[in-house]
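Reading through the structure tokens given below for one structure.
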Amino acid sequence: MIRFGYIIIGIALSLILCGVTIGAERFPPPDFIETDHVIPSPTVPGPRQDIYEYIDVVVLLAALGLSSYLVLKRRSRRAIFVLMVFSLLYFGFYREGCVCSVGAIQNIVLSVFDRDYAVPIAVVLFFMLPLVFALFFGRVFCAAVCPLGAIQDLVLLRPISIPNWLEGGLRLFAYVYLAAAVLFAATGSAFVICRYDPFVAFFRLNGNLNILIIGACLLVISVFVGRPYCRFICPYGILLRQLSRLSKWRVTITPDECIQCRLCEDSCPFGAIKKPTTDWPMTEYGKSKKRLAVLLLLLPVLMFLCGWTGSGLKKVTSRMHATVRLADRIYLEDTGEVEDITDASLAFRATGKEPKELYEEASNIRAGFGLGGWFFGGFVGLVIGLKLINVSVWRKRTDYEAGRAGCLACGRCFKYCPKEHERLKKRLLQNENSY
Amino acid sequence: MSKHCEKVQNRRELLTAVLRYATLGTLGAIGGAVFAKRRRLVQDGICINSGICKGCGILKQCGLPLALSAKQLLTRMDDERK
């Protein structure tokens, strides 16, 4: 085990040292001797050579494979922890959190909607590989590969449990965030996931102060609430959640048959352990059946109402688009509602373009937001409706189980199972006998 | 486990498997479409890196005016270094 840890740390250090040698400029920046202009240092990492992008993909693939093995076969929390630290160092601090699978959603969406945009192959693979692994092995990406999850997991010291109703309600935010990220990426307005990534400023040791404060707050919350970003905000986590419901193999608390000792009951800091259910009383069954029928009928209405609201918000949401912002500004300046002139409006006027053309362009973009708003709102309505329906559906469970969707495969529950201790003892004996 | 439960379990597993491979197929199709689009854009002579030659993966093969001047500059810089 210790040897394994040394190997992982060794690989991490050698990759970090390799990285020092690739930071050369391909084109020298121009000198602004006449104006004494100082070129500001960028806050985002520069582009990397192709070969290093492919190395990143290979490392991601290896980490996902190793994580699957450690979670499902070896069942070792310690090894998962070591891999998590490696991922934090490599994908977080060395690669400065970019490209990450979470943000890659936006590149894929933009590629679908913008006919002149092509996604780099490495980004496509960063998006696809964790999803494919989730389809077969569950959320092994969240377990030990995602640097955003790792940084929160490391500070989780005094976990408190959150009631199910609150957890479900807070998770709704992640769906809204996913829908918003898709809307803004599809309209070419902004990559909001990257812009509001709370931990990337830590990885780059540089960034917006507001985001840094949000990140610091999230880290403080993470001391008590297990991985708040992963559970209540992460849009990629939503995709992984849904795909891991279909996974072929998944985490089991016990390696054998559950003896219902209840020792694991409170072991999960993410509230992912599902307790056995009792039989539903017949009176409750009848009521729930009626409630389910009403909710099924209400679902399209809810979707329509939310879609209508989403579309109505187009004036606000379209302000994320630079062209709409510029058109608004030009209009305010032309009508004399503002006196000062911004750099953007000055640059626009220098092009000699007619404001009318700009207004028309902005109007088209707003119309796009109106249509997108229907989908955005409809999706949110669908999620709310399905959540309500979920409450009315009865599921029979006889054993303590790791929830298919909610389990982050961290392996904390393994050691609480007496059957697991038995298995480890047996393995130890077998190893001793073989020597 | 009763026969009925086993039947339900099998049906559920079958449905899960069908959905799993359908999702896998969808992901494959998305990936394929994205690769195909990238290839098409390169073949049509459309810049795939928003006009930024620095760090572009296909700079060596690229024949766009911007790329040609970037390559010229690179060669000149190499010559100056020598």
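By convention in this document, chain letters (A, B, ...) are assigned in the order of the sequence lines, proteins followed by strands, and residues within each chain are numbered from 1. What you see below is based on every heavy atom in this structure, not just the backbone, and it leaves out hydrogens, waters and symmetry mates.
Neither the backbone nor the side chain of B/Leu15 comes within less than 4.5 Å of any heavy atom in chain A. If you measure heavy-atom distances from A/Val119 to chain B, the contacts under 4.5 Å come from both the backbone and the side chain. Both the backbone and the side chain of B/Leu19 come within less than 4.5 Å of a heavy atom of chain A. Neither the backbone nor the side chain of A/Asn107 comes within less than 4.5 Å of any heavy atom in chain B. Residue contact with chain B, scored on non-hydrogen atoms closer than 4.5 Å, is absent for A/Lys396. Contacts of B/Arg40 with chain A are made by side-chain atoms alone, with heavy-atom separations under 4.5 Å and no backbone atom involved. There is no contact between A/Thr398 and chain B, counting heavy-atom distances below 4.5 Å. Contact of B/Leu27 with chain A is made through backbone and side chain together, with heavy-atom distances under 4.5 Å.
The shortest side-chain heavy-atom distance between B/Leu24 and A/Phe136 falls under the 4.5 Å cut-off. Between A/Leu131 and B/Thr23, every side-chain heavy-atom pair lies at or beyond the 4.5 Å cut-off.
The environment of NZ in A/Lys353 is crowded: more than 12 heavy-atom neighbours from other residues, nucleotides or ligands sit within 6.0 Å. Remark: A/Phe191 CZ is packed, more than 12 non-hydrogen atoms of other residues, nucleotides or ligands lying under 6.0 Å away. Applying the 6.0 Å contact sphere to CZ of A/Arg115 captures no more than 12 heavy atoms from other residues, nucleotides or ligands.
Closest approach of A/Leu135 and B/Arg20 over heavy atoms only: O-CD, 3.3 Å.
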Requested in this report: Go through A/Lys248 and B/Thr16 one step at a time and tell me if the side-chain contact (heavy atoms from CB on, under 4.5 Å) criterion holds.
Outcome: CA-CA 8 Å; A/Lys248 196 172 170 73; B/Thr16 311; over 6 Å; no
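Of all residues in residues 238-246 of chain A, those placing a non-hydrogen atom less than 4.5 angstrom from a non-hydrogen atom of chain B are A/Leu243, A/Arg245, A/Leu246.
At least one donor-acceptor pair closer than 3.5 Å links the side chain of B/Lys37 to the backbone N or O of A/Ser111.
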